[in-house]
Visitor: 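This is the structure I have questions about; it appears just below.
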Amino acid sequence: MICKNIHIRRLLALASRVEALNTHALLKKSHFRSKRCFHATPFRHTDGVFLGLADNRLPMPWIEAWRLQQEGKNVASDEAQSQKRDLRPKKMNDSYHRVVLPLGRDPWLSDTYINSSGHIRLGTVFMDLDALSGIIVYKHTGPGVTTVTAALDRITIAHPLTEICDLEYSGQVTYASGRSSVEITCKVARARDEGEPSKPEDVLLTCTFTMVALDPTTKKPVNIPRLDYSTPEEEKIFKAGEAKALAKKKNLKTSLLETEPNDPESALIHKIWLKQLAYHDPNNHVRQPTNVIAMAKTQLATASIMQPQYRNRHQTMIFGGFHLKQTFELAFCCAASFAHARPTFISADPCTFRNPVPVGSVLYLTATIVYTDPPLLEEDGSEPQQKDPKNPMTRLHVRVDSKVRDVEHGNAKPTGQFNYTFLVPKDVKVLPHTYQEYMMYIDARRRVQLGDVQDRREHTDAELQRLKSIENVNLTE
């Protein structure tokens, strides 16, 4: 009887252990499915860039690149080593690249691409577009060169998004004369189902990057393959790129760094200066309105150390798209701080990258409200009024100046100037005081006026009115 009871107890104990092991396995399996593993570094090759655009841009871990750098060796990837290159002309479709960002299908992407108000983060999209242009340019140049982003042309929202959906990134080389620079046009559009052609109304934005090819060793510009066109449509695109290149050279000769303001601009500066004096004259009844703010008081600045996770494919320099994203988000914050309202993005005006940003350096960004529309004064001295005083709307032009220093804080190098325009539901104006501020004011005024001319050329009055009517439901910011 005792033996029988012992046998029964052993069977019960064994059954209990089997049940416990099964339960533990089930819980472990369930836990494995639901948990997100913690990692000290991100899965992406370049922090923040969509995986489909990584293109193996970081072929070695930073610690290996750092060791090579300490030994005085070339840390650039193999494709950037000096070698004999193929300079035969290329076709436009040779460089075409397309990637779909499954924003509507993959909720986890919202961690990177959606902000706290449910809007798409345009700064992150701009960063992706710079990565896309990097893939495209190497399809055109081939190996053996180092390419850097030199400039970004004006970006406007063509058809605002009204819902979160999958996005299609695409682009190709649209102008290359055979010298060192190349124009790359990128497009962001609502992604259609596989095999379904996209429509013009699907396009969210189009932008153009200018990139320059350098010798990996000497860092001097080198020639690249010339772009050939084979259809009337491609010829039209090529000629447009050629016209842009000539216009940029012409604009450099008329910039405020080369020539003084013209007569109407000089007269406007004088009128604003007289208004500024009147505000502070105790014998004058005119006082500075509360919605008129000194330009110096609008500045917002940041300083951050550049970590290796933000480097580009050349290992020791910071990815230009990350630089662009930082300037955009600071400009947004500056506009919000100035207006005490949520800004709506209108355009990114032509931006320039002057010097690279090394890994380990300190990047200084300074954002300033340099122009408002309606402005403080018109050229004739009149004070413009809001079209609807009960529902005021003001355009803010934000300039972000960028410079870099090494950690020891030696000589600073300017790394670029970035210009953004936002719309705010407030009646606010900016007032320059110093000569430098007046030059920044006039430069921004020129950019805004040029942008208005381009908008009228590219869109009908009905289209411009439609864009304004759906600003409140625009899901990009």
Visitor: For Phe338, give me all partners under ring-ring contact (aromatic ring centres under 6.0 Å, His included), at least two apart in sequence or on another chain.
Guide: none
Visitor: Just jot down the side-chain hydrogen bond (donor to acceptor under 3.5 Å, both in side chains) partners of Thr141, sequence neighbours excluded, or say none.
Guide: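 In terms of side-chain hydrogen bond (donor to acceptor under 3.5 Å, both in side chains), with neighbours along the sequence ignored, Thr141 is linked to no residue.
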Visitor: Please enumerate all residues that pass side chain to side chain contact (heavy atoms under 4.5 Å, CB included) together with Pro107, with sequence neighbours excluded.
Guide: none
Visitor: Tell me, please, which residues at least two apart from Asn223 pass side chain to side chain contact (heavy atoms under 4.5 Å, CB included).
Guide: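 Here the qualifying residues are Arg179.
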Visitor: Which residue pairs pass the salt bridge (Lys or Arg N to Asp or Glu O under 4.0 Å) test with at least one member in residues 431-448, sequence neighbours excluded?
Guide: Glu265-Arg446, Glu379-Arg445, Asp443-Arg447
Visitor: Please tabulate, one pair per line, all N/O donor-acceptor pairs under 3.5 Å involving side-chain atoms of residues 234-242, not counting sequence neighbours.
Guide:
residue, atom, partner, partner atom, Å
Glu234, OE1, Ser230, N, 2.9
Glu234, OE1, Ser230, OG, 3.1

Visitor: For Thr421, what residues pass the side-chain hydrogen bond (donor to acceptor under 3.5 Å, both in side chains) criterion, not counting sequence neighbours?
Guide: Asp349, His397
Visitor: Hey, is Asp94 close enough to Lys139 for a salt bridge, meaning N to O under 4.0 Å?
Guide: no
Visitor: Using the test side-chain hydrogen bond (donor to acceptor under 3.5 Å, both in side chains), find all partners of Arg354 that sit at least two apart in sequence or belong to another chain.
Guide: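 With neighbours one apart ignored, the set is empty.
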Visitor: Listed by chain and number, what are the side chain to side chain contact (heavy atoms under 4.5 Å, CB included) partners of Val453, not counting sequence neighbours?
Guide: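 Testing Val453 for side chain to side chain contact (heavy atoms under 4.5 Å, CB included), a comparison that skips the adjacent residues, returns Arg456, Arg457.
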Visitor: Only counting residues at least two apart or in another chain, list the ones meeting side chain to side chain contact (heavy atoms under 4.5 Å, CB included) with Thr208.
Guide: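 Counting only residues at least two positions away or on another chain, Thr208 forms a side chain to side chain contact (heavy atoms under 4.5 Å, CB included) with Asp153, Glu183, Thr185, Lys244.
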Visitor: For Tyr420, what residues pass the ring-ring contact (aromatic ring centres under 6.0 Å, His included) criterion, not counting sequence neighbours?
Guide: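 Testing Tyr420 for ring-ring contact (aromatic ring centres under 6.0 Å, His included), a comparison that skips the adjacent residues, returns Phe328.
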Visitor: Name all residues meeting the side-chain hydrogen bond (donor to acceptor under 3.5 Å, both in side chains) criterion together with Asp452; count only those two or more places apart in sequence or in a different chain, and write none if there are none.
Guide: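 With sequence neighbours excluded, Asp452 shows a side-chain hydrogen bond (donor to acceptor under 3.5 Å, both in side chains) to Arg395, given in chain and number order.
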